[in-house]
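Below is one structure, written out as structure tokens, with a few remarks after it.
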Amino acid sequence: MVCGLLFGWCLLVSGVFAEELQISVYVNKTTITINETITYTVEIEGTTDFPDVPPPPSDNFIVVAGPSRSSSIQVINGEVSSALKVSWHLSPTRTGELVIDPIEIKYQSKTYRSTPIKITVLKSGSPTPPKSPTGNQSSPAPVSEEDDVGIFLKAVPIKTEVYKGEEITVTYYLYYRENNVRTFSLKKLPDAEGFWMENYPSSTKPKITREIVDGVSYYKAQLQRLAFFPTKSGNLSLDPLIINCEVIVPRQRSESIFDDFFSNSFFESTVIRAIASQPIEVNVKPLPEQGKPAEFSGIVGNYSITATLDTLVTTQGQALTLEYQIQGDGNINAIAMPPLQLPSTLEVFEPKSSKTVDNTGNRISGIVNYEYVIIPRVTGVINIPAQSLCYFDPAQEKYVRRTSRSFMVQVQPQSRRIDAQAERLGKQEIDLLDSDIRFIHRQANRWFPIARPVTAEWWFWLINSLSLVILGVGLFVRYASGTLIRNNSYIRKRSAWSRAQNNLKAAERAVKEQKSEQALFRLDYALTGFVASRYGQSSSGLGLQQVQESLTEAGVNEKLLIRTLGFLDRLGVARFSPDTMDTDELKAMLIECRRVLDQLSKVI
Amino acid sequence: MRLKTLIWIIFMMGLLNTVVSQSTDLDYLFEQANQLYANHQYSDAAEIYQSILNRGFENGPLYYNLGNVYYRLEKIGLAVLYYEKALKWMPNQNDVRTNLQLANMMTQDKIDAPPVFFLFRWHASFIGLNSFRGWLFWMSLAGLVVVLSLVLRIFINPRWGKVIANTVFSLSLTFILFCAEPAWQRYRTEYHHDYGIILAESAVSHAAPQQQSTELFTIHEGTKIRVLNEDSGWIEIELIDGKRGWIPEETIGLI
């Protein structure tokens, strides 16, 4: 049996299977006010192995409670059936005709898909259709209903038209008619998309006052105070805040004589109700462009800036601490230190920043500290200029510039520079810390003109010239020897004298051994061979006639020509009768041959 | 003929005498400055060492001693500059390297150089084994050996002789090729002023060679920089960590 407002949607089961799922999706109401919630239930039957059930997918509703699960097993006539119910309590985020999107459930490689559910959401206070009897509704709804139990949550902003970055304080009050709220707890803070949210501390025992609303007297309890800082301009919406209330609900009773007896607290029960506030529409104005400083970084509120420096007299390389403190109220999280305009003679390290947000007052305030470590790298007086901070003051509706003080730092020279930098040295350098420089070199060896080129070095020319000479000579000799080897006449010409001398020596030996024939042959060969070699001819077959022609062509004077030819003629005669010649004659021939060769060697 | 020879001999002797007397004079000044240094009269010693430079002469020990003098006078920029110059002359001198390291410890800027691959570090050490003159001397000698082995190869007849000549020729030629790269690197180091030392107490680096341009960073005395460009009294520099900027040329000394 399902409830009267059941939107049953028996989902599609295609084909015939052994385990056929029946999935129903329904809500308990289709028309609600913005302050109410609905119960969204998914019921699965037809299996004992229940698939996972996803939460309702809808941007129009937020889940304020759930999922709650209940399962049941029945055995009727031996047949076992089981069912699973999964419920969520949903709160609408806006008014109008809203749709809860279908859900998809996967089971045994099949996908079951529901149909969308339409919900009409009315404004707060609008009459809603009477609630149908719940019957055997399996999921009792802990729903916020002002009409039902006389409880509602009201969000009260201090203003709904602000500048971007300006604080909006929203106070949440719980209204209830009777003293029927036992406890409450925060269920969900607003998503606050487009806002930076800051929480004010809330008391566990809120102050309770009475207030008349639409002619009805309510108890009013201040539950929560939140600060919202819009981060963009335009019409923005603040989501509802949701709380869980433990509400006392009287038990149903019949008209009996015992009514009075049972109508006391002992017979009352409590239920948990989720109560949501109404959404708030906020008009966020952009910051004015007129008068906006170039260095403005989006800080909105009311601030002051102060600067402190740990000392005004220091030594070169000694670290200083420069601290800036920005204090005030506004969007403290948006504060960023403007870039420092420090002289380049100061080495500046990344600042250490800290932020303290104070939410105990009427407005969000805080302190932001920036601590810079700076090291003066030069001696003298260094000016640390004033630092300015620009912000937009929404109260005055104009941009304001605050300025810190400036400093003049006296930097004295460093005495022991190595010690001062000891922490920055490597291991090898630390080993040298206690050592001193090595002594000067006493010997200068040799002096060089400044920028003297290497070509001015004697060894450069000596070695390279020697190399060139050796290379040149070697190549020349190789060339020359190659030429001689290839040219026989040239070889003969070059070796004519030495060969003639060798023949003379052989003739001399033959004379001593009294081998006259051989001696005469050697003398002839020495002279004719010399002449033939000098003219590149073969000595064999060179007769008296050829010698005469050769010498005449060479321009040998007549006297020498006659002497040469005469000697050769005598030699020819002697060679026909060598035995007739004695040793003295042979020696005379030898001497004559030498003389003729001497004279010839000078002219040919 | 005899007269000409006589004039030539007299001229050469005169030249030799001038060179020798010049050298003796410089030695005397050098020794005098050394003595002043030993007596802790560093300013006077610096003046005399500088007078040698002003006469147009230099050598490794002179730069080394100048580095020592300026170290004692706490002029760290000049000390580093002259130690760096001395390194050009005496790349293997341990004294120079140690004193340069000590001087660098006194500089303010500790710029972290990007890590160097160990092979590149070995390569740099290898190049520093010799000056450019040293590398060239060995290359010239190897060239002589190449020529000799080539000539021997041509004229020697026995087979074993040709094998030896070939081997010597190949080894010498390889040696020359091996030395060519370090010689080139040393040549660039010694004859090109690619590096400099900041001599001013501090120098503000600008984005452009103009005083009004954006200030980028401040470097201090003794920092070694690489010279990239020059433009009307400004020099574009690069630090070992890659930062670039323009500084006035009078703030640096070229190595």
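By convention in this document, chain letters (A, B, ...) are assigned in the order of the sequence lines, proteins followed by strands, and residues within each chain are numbered from 1.
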With only heavy atoms counted, which part of [X] is less than 4.5 Å from chain A, the side chain, the backbone, both or neither?
| X | value |
| --- | --- |
| B:Y187 | neither |
| B:L141 | both |
| B:L144 | both |
| B:M90 | side chain |
| B:F137 | both |
| B:Q35 | both |
| B:F217 | neither |
| B:L136 | both |
| B:I52 | side chain |

Among side-chain atoms of [X] and [Y], is any donor-acceptor pair under 3.5 angstrom?
| X | Y | result |
| --- | --- | --- |
| B:N166 | B:R153 | yes |
| A:W459 | A:N464 | no |
| A:R402 | A:Y391 | yes |
| B:Y64 | B:N99 | yes |

Selection from [options] maximising heavy-atom pairs under 4.5 Å formed with chain A:
| options | result |
| --- | --- |
| B:T218, B:N68, B:V151, B:V146 | B:N68 |
| B:Q93, B:E215, B:E201, B:E190 | B:E201 |
| B:G56, B:G60, B:P61, B:A33 | B:G56 |
| B:S202, B:S140, B:S205 | B:S140 |

ask   = Less than 4.5 Å apart, any side-chain heavy atom of A:Y372 and any of A:L320?
value =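 A side-chain contact is absent here, since even the closest heavy-atom pair is not under 4.5 Å.
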query = So does B:F118 have more than 12 non-hydrogen atoms from other groups sitting under 6.0 Å from CZ?
reply =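 Yes, because the 6.0 Å sphere around CZ of B:F118 holds more than 12 heavy atoms from other groups.
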request  = First locate atom OG1 of A:T315, then atom CD1 of A:I375, and finally report the distance between them rounded to the nearest 0.5 Å.
outcome  =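 Atom-to-atom, A:T315:OG1 and A:I375:CD1 are 10.5 Å apart.
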task = Indicate, with yes or no, if the rings of B:Y42 and B:Y70 have centres closer together than 6.0 Å.
result =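 When the ring centroids of B:Y42 and B:Y70 are compared, they turn out to be at least 6.0 Å apart.
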query = How about A:F392 and A:Y399: are their ring centroids closer than 6.0 Å?
reply =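 Yes.
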query = On the ring face of B:Y63, is B:K88 found with NZ or CZ under 6.0 Å from the centre and within 45° of the axis?
reply =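 So B:K88 doesn't make the cation-pi contact.
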query = Using non-hydrogen atoms only, which part of A:V477 is less than 4.5 Å away from chain B: side chain, backbone, both, or neither?
reply =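 A:V477 touches chain B through backbone and side-chain heavy atoms alike.
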Side chain / backbone / both / neither for A:F448 at chain B, heavy atoms under 4.5 Å =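 It is both, since atoms from each part get that close.
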Test: B:R72 and A:D436 ion pair at under 4.0 Å =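 Looking at A:D436 together with B:R72, the answer is yes, because their closest N to O distance falls below 4.0 Å.
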message = If we define contacts as heavy-atom pairs under 4.5 Å, which of A:R438, A:E457, A:R442 has the most with chain B?
response =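 That would be A:R438.
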inquiry  = Shorter than 4.5 Å, heavy atoms on both sides: which option in A:Q443, A:R446, A:H441 has the most such pairs with chain B?
reply    =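 Max contact count across the listed options: A:H441.
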